[in-house]
Amino acid sequence: MSIIQKIVKIQNSKHKRLLDIVLILIGTFLLATSVNMIYDPMKLVMGGFGGLSIIVKDVAGRYGVIIPVWLTNALLNIPLFIIAFFLLGKEFVAKTFLGAVSFALWLYIIPGVDICKGDYLLAIVFGGLLEGFGIGSILLSNSTSGGTDMVSAVLHKFLKHYSVPNILLFVDGLIVILGAFTLGLRNAMYGVIAIY
């Protein structure tokens with residue numbers, strides 16, 4: 001039995017809520033690690049509100065204003081929670097709230113250290129793996145970390161013929177295009193590889 005099958009089996013048991021919390025905390029930790037230790041130090045354009053927050057931080061920094069990634073990420077989620085509450089229901093929003101808050105807290109706690117030391121290949125491979133496992137863990141809990149995950153879940157209500165991951169890929173792609181204009185085309189191209 002694979003790990004995914006075991007998780008699905010537990011999800012159908014009385015321990016589902018505890019498993020969901022654990023998956024959300026692990027997933028948001030992995031996402032925040034990819035942002036603070038790989039993408040932000042390398043100025044790589046990742047998808048999600050994390051990527052958008054990196055863009056905001058860089059643009060604001062050019063004008064001498066320091067806007068932390070965690071703060072931008074948290075503020076961007078507020079209107080999404082209001083929309084998701086009405087479209088996706090209280091239970092989904094409660095789990096997503098845990099995801100968004102824990103993601104913002106991990107972004108605040110995890111130090112911004114460049115573990116790839118300027119190596120773009122390492123950054124896209126390990127950043128993509130951490131981000132992918134993080135998002136996968138969160139989606140297994142039938143939740144999101146807020147941000148473009150939640151945007152994709154909301155859009156899925158209207159675009160049922162597309163999966164949430166497919167919508168997420170499209171939305172993240174738009175953020176990478178925006179990043180190409182602010183952080184440079186080269187970094188955006190590396191971001192595309194990492195997202196893929």
Side-chain angles (χ1 to χ4, degrees), residues 1-13 16-17 19-28 30-32 34-35 39 44-55 73 75-103 124-125 127-181 185 188-196:
M1 185 181 292
S2 74
I3 293 174
I4 301 295
Q5 290 170 327
K6 288 179 183 175
I7 289 172
V8 170
K9 186 176 179 183
I10 294 171
Q11 282 180 321
N12 295 326
S13 75
K16 180 183 183 335
R17 184 164 289 185
L19 175 67
D20 287 347
I21 291 169
V22 170
L23 287 171
I24 290 167
L25 292 176
I26 290 170
T28 54
L30 293 173
L31 275 175
S34 71
V35 171
Y39 293 123
L44 284 177
V45 185
M46 63 177 283
F49 277 8
L52 198 52
S53 299
I54 290 170
I55 294 168
N73 184 77
L75 292 175
L76 288 172
N77 275 299
I78 293 171
L80 276 179
F81 275 99
I82 296 167
I83 294 167
F85 179 82
F86 292 106
L87 291 178
L88 303 174
K90 284 190 285 189
E91 183 178 341
F92 180 84
V93 169
K95 283 198 275 186
T96 299
F97 182 76
L98 172 63
V101 168
S102 63
F103 184 45
I124 62 169
V125 170
L129 286 172
L130 285 172
E131 185 180 7
F133 280 120
I135 291 171
S137 296
I138 295 164
L139 291 178
L140 273 175
S141 72
N142 196 27
S143 181
T144 74
S145 63
T148 57
D149 297 350
M150 193 186 322
V151 169
S152 301
V154 167
L155 290 175
H156 181 66
K157 292 292 273 184
F158 304 102
L159 304 168
K160 295 249 185 232
H161 51 286
Y162 294 107
S163 69
V164 172
N166 284 342
I167 296 170
L168 182 61
L169 187 64
F170 176 77
V171 174
D172 284 348
L174 292 176
I175 292 172
V176 170
I177 291 169
L178 176 63
F181 290 104
L185 184 59
M189 289 189 293
Y190 278 117
V192 169
I193 298 168
I195 290 170
Y196 178 77

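S163 places a side-chain N or O within donor-acceptor distance of the main-chain N or O of N166, the cut-off being under 3.5 Å. Not a single donor-acceptor pair under 3.5 Å links the side chain of N77 to the backbone N or O of G146. No donor-acceptor pair closer than 3.5 Å links the side chain of S137 to the backbone N or O of G27. Remark: the backbone N or O of G51 is not paired with any side-chain donor or acceptor of Y39 at under 3.5 angstrom. Under a 3.5 Å cut-off, the side chain of S145 and the backbone N or O of A100 do not form any donor-acceptor pair.
L88 contributes atom CG, which lies 11.0 Å from atom CZ of F81 (distance to the nearest 0.5 angstrom). Here I124 contributes atom CD1 and L44 contributes atom CG; the two are 8.5 Å apart, rounded to the nearest 0.5 Å. Taken from CD1 in I135 to OG in S34, the straight-line distance is 8.0 Å, to the nearest 0.5 Å. Between M150 atom CE and H156 atom NE2 the span is 15.5 Å, to the nearest 0.5 Å. Distance check: L98 CG to L23 CG gives 11.0 Å after rounding to the nearest 0.5 Å. With rounding to the nearest 0.5 Å, the separation of CZ in F133 from CG in L140 is 11.5 Å.
In this structure, L52 and N73 have side chains that are not in contact, with every pair of non-hydrogen atoms separated by 4.5 Å or more. In this structure the side chain of E131 never reaches within 4.5 angstrom of the side chain of L30, judged on heavy atoms. The side-chain heavy atoms of F170 and L155, taken from C-beta on, include no pair separated by under 4.5 Å.
Every residue two or more places apart in sequence or in another chain was checked for a ring pair (Phe, Tyr, Trp, His ring centres under 6.0 Å) with F181, and none qualifies. In this structure, the side chain to side chain contact (heavy atoms under 4.5 Å, CB included) partners of Y162, at least two apart in sequence or on a different chain, are L159, I167.
The neighbour count for K90 NZ, taken as heavy atoms of other residues, nucleotides or ligands under 6.0 Å away, does not exceed 12.
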*Going through the checks in order, is the side-chain contact (heavy atoms from CB on, under 4.5 Å) test met by D20 and N142?*
CA-CA 8 Å; D20 287 347; N142 196 27; 5.8 Å; no
_Determine whether V45 and I54 satisfy the following criterion, side-chain contact (heavy atoms from CB on, under 4.5 Å), listing intermediate values before the conclusion._
CA-CA 7 Å; V45 185; I54 290 170; over 6 Å; no
*Given I24 and S102, is the side-chain contact (heavy atoms from CB on, under 4.5 Å) satisfied, shown in steps?*
CA-CA 8 Å; I24 290 167; S102 63; 4.1 Å; yes
*Start with the C-alpha distance between L31 and I138, add both sets of side-chain angles, then the distance that settles side-chain contact (heavy atoms from CB on, under 4.5 Å), and finish with yes or no.*
CA-CA 10 Å; L31 275 175; I138 295 164; 3.7 Å; yes
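Of all heavy-atom pairs spanning L25 and T28, the tightest one is O-OG1, 3.2 Å. The heavy-atom pair separating G147 from L80 by the smallest distance is O-CD1, 3.4 Å. Summarising the geometry of L76 relative to S53, their closest heavy-atom pair is CD1-OG, 4.5 Å, with the distance given to 0.1 Å. Minimum heavy-atom separation, K157 to L87: CE-O, 3.2 Å. Looking at every heavy atom in both residues, S152 comes nearest to V171 through OG-CG2, 4.3 Å.
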